[in-house]
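See structure below.
We name chains A, B, ... by the order of the sequence lines, and we start the count at 1 in each one. Computed from a prediction, not measured in an experiment: that's the story for all the values here.
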2 protein chains.
Amino acid sequence: MTRAYDSTTKRAELIRAAKELFHQQGFHKTTLDNVAKKASVPLGNVHYYFETKQALAEAVIASHSQGLREAFAFWESSTDPLERLTHLIRAPLGAVESVIRFGCPHGSLCQELEKLEDDSPLIKAGASLLLAYIDWAHNQLQLLGFHSETARDLAEQLVAAIQGTMLLAHTLRSPELLARQLSRVEAWLKFEVASLQRSPA
Amino acid sequence: MTRAYDSTTKRAELIRAAKELFHQQGFHKTTLDNVAKKASVPLGNVHYYFETKQALAEAVIASHSQGLREAFAFWESSTDPLERLTHLIRAPLGAVESVIRFGCPHGSLCQELEKLEDDSPLIKAGASLLLAYIDWAHNQLQLLGFHSETARDLAEQLVAAIQGTMLLAHTLRSPELLARQLSRVEAWLKFEVASLQRSPA
DNA sequence: GTCTATAAATTGATAGAC
DNA sequence: GTCTATCAATTTATAGAC
């Protein structure tokens, strides 16, 4: 019943391999041959599934988007929005070694894609990842009682802090920095929420 | 007396061109031919000044380091460390269009270089740029009266917030986000300093 | 659908005339 | 020191057998 390597699986396998290599080596340094080897697919065959390297990258980003949606859904099993946001803040700690060695898979990809041609669809696709974080945080903050505009502001601040923290922890190869600064972000968020509840708008 | 294009000038011109192109297109996408053309130097001649592309990149980073030292020296013409740090926070606003279109020249370069081979000297060189920011902020915070450990913590938080803000503003192409969130960082820092002065350690 | 072989283009680096 | 021409390697993409 489950054909372990039918064509759909191979396509998925290529995406999985590319996703991992893009994170570890970056988009530019990763060759189609690298991806093909990792996915145990002959080089020439890659183009049967993806016309160009760019098309493969689009599929990788779509897969990241899907992964984000699943993470959001999972965190929403908590009923308290503050608790949900805490899951977001702590998420990098669930993959410390990876974040320290390779940075945030979304943030670093995003920044690399930004250096492509101005009209590349990959730029917009990459940006949609960071936007997804902000939008989701925005929603959770509104559920906590913040007005839309304030919630937007806080969501941006939250995502910026998390991304900046990962960049520093990665660059300085410091898991301690990651843990320490994410705790700070968490404390800050709790404080903001508590302030709101003391003096509701 | 001033030979406009003696060999020292050409070398500097190549660095200048590479610095700009690395920022706009990234390290990988920038070819030696691009740099040569921008500096009005024949392609083959680039290797007279820099043996490899990597050596050119090292010179670019050294130039960034020098630029940072000059910026720090300039900001230190303010006597109040809080005012100095405010200059740091507002610096991106002095080059808004550039930051929005291309991101932070140091942060984005740093993240791209991280994707090179683990033992590449460029990785350490790039990291030294972000470290310079942290160290300088650390010093200023100590001058304000924070204990070394607290100052370190706050310095990391400050640089992370600035870097994260630039990443978001760049990715979302939003000068408004940049201005808004940097104001928030500024307000946060003022609050921290005021708190310390109300209850000195 | 799957694979091998190879074309076509790019690009870092070098050789050698001046 | 400066430049032209070119090599050598890499890599995306394609052609065509099975």
The side-chain hydrogen bond (donor to acceptor under 3.5 Å, both in side chains) partners of B:E76 (sequence neighbours excluded) come to B:W136
A:R11 atom CZ is separated from C:dT2 atom C1', nearest whole Å, by 17 Å
- Message: Looking only at the aromatic ring of each residue, does the gap between the centers of B:F74 and B:H87 stay below 6.0 angstrom?
- Response: no
Next on the checklist: Check the phosphate of D:dT10 against A:K29, side-chain N and O only, distance under 4.0 Å to OP1 or OP2. Yes or no?
Outcome noted: no
Sorted by chain and residue number, the ring pair (Phe, Tyr, Trp, His ring centres under 6.0 Å) partners of A:F50 (sequence neighbours excluded) come out as none
A:E13 CD to C:dT2 C1', in whole Å, measures 17 Å
Separation of C:dT14 atom P from B:D33 atom CG, nearest Å, is 17 Å
The nucleotide from C:dT11, D:dT4, D:dT12 with an atom nearest the side chain of B:P42 is D:dT4
Here the distance between atom P of D:dT4 and atom NZ of B:K37, to the nearest Å, is 11 Å
With B for base contact, S for sugar-phosphate-only contact and - for none (protein heavy atoms under 4.0 Å), nucleotides 13-18 of chain D reads BB----
Please tabulate, for the side chains in residues 158-169 of chain B, all donor-acceptor contacts under 3.5 angstrom to protein atoms that are two or more places apart in sequence or on a different chain.
unit_1: B:T165; atom_1: OG1; unit_2: B:A161; atom_2: O; d: 2.7

By side-chain hydrogen bond (donor to acceptor under 3.5 Å, both in side chains), A:E70 pairs with (sequence neighbours left out) A:Q66
With a 4.0 Å limit, can you tell me whether B:Y48 has a side-chain N or O closer than that to the phosphate oxygens OP1/OP2 of D:dT2?
no
Hits for side-chain hydrogen bond (donor to acceptor under 3.5 Å, both in side chains) against A:E117, two or more places apart or cross-chain, chain-then-number order -> B:K29
B:Y49 atom OH is separated from C:dG12 atom P, nearest whole Å, by 19 Å
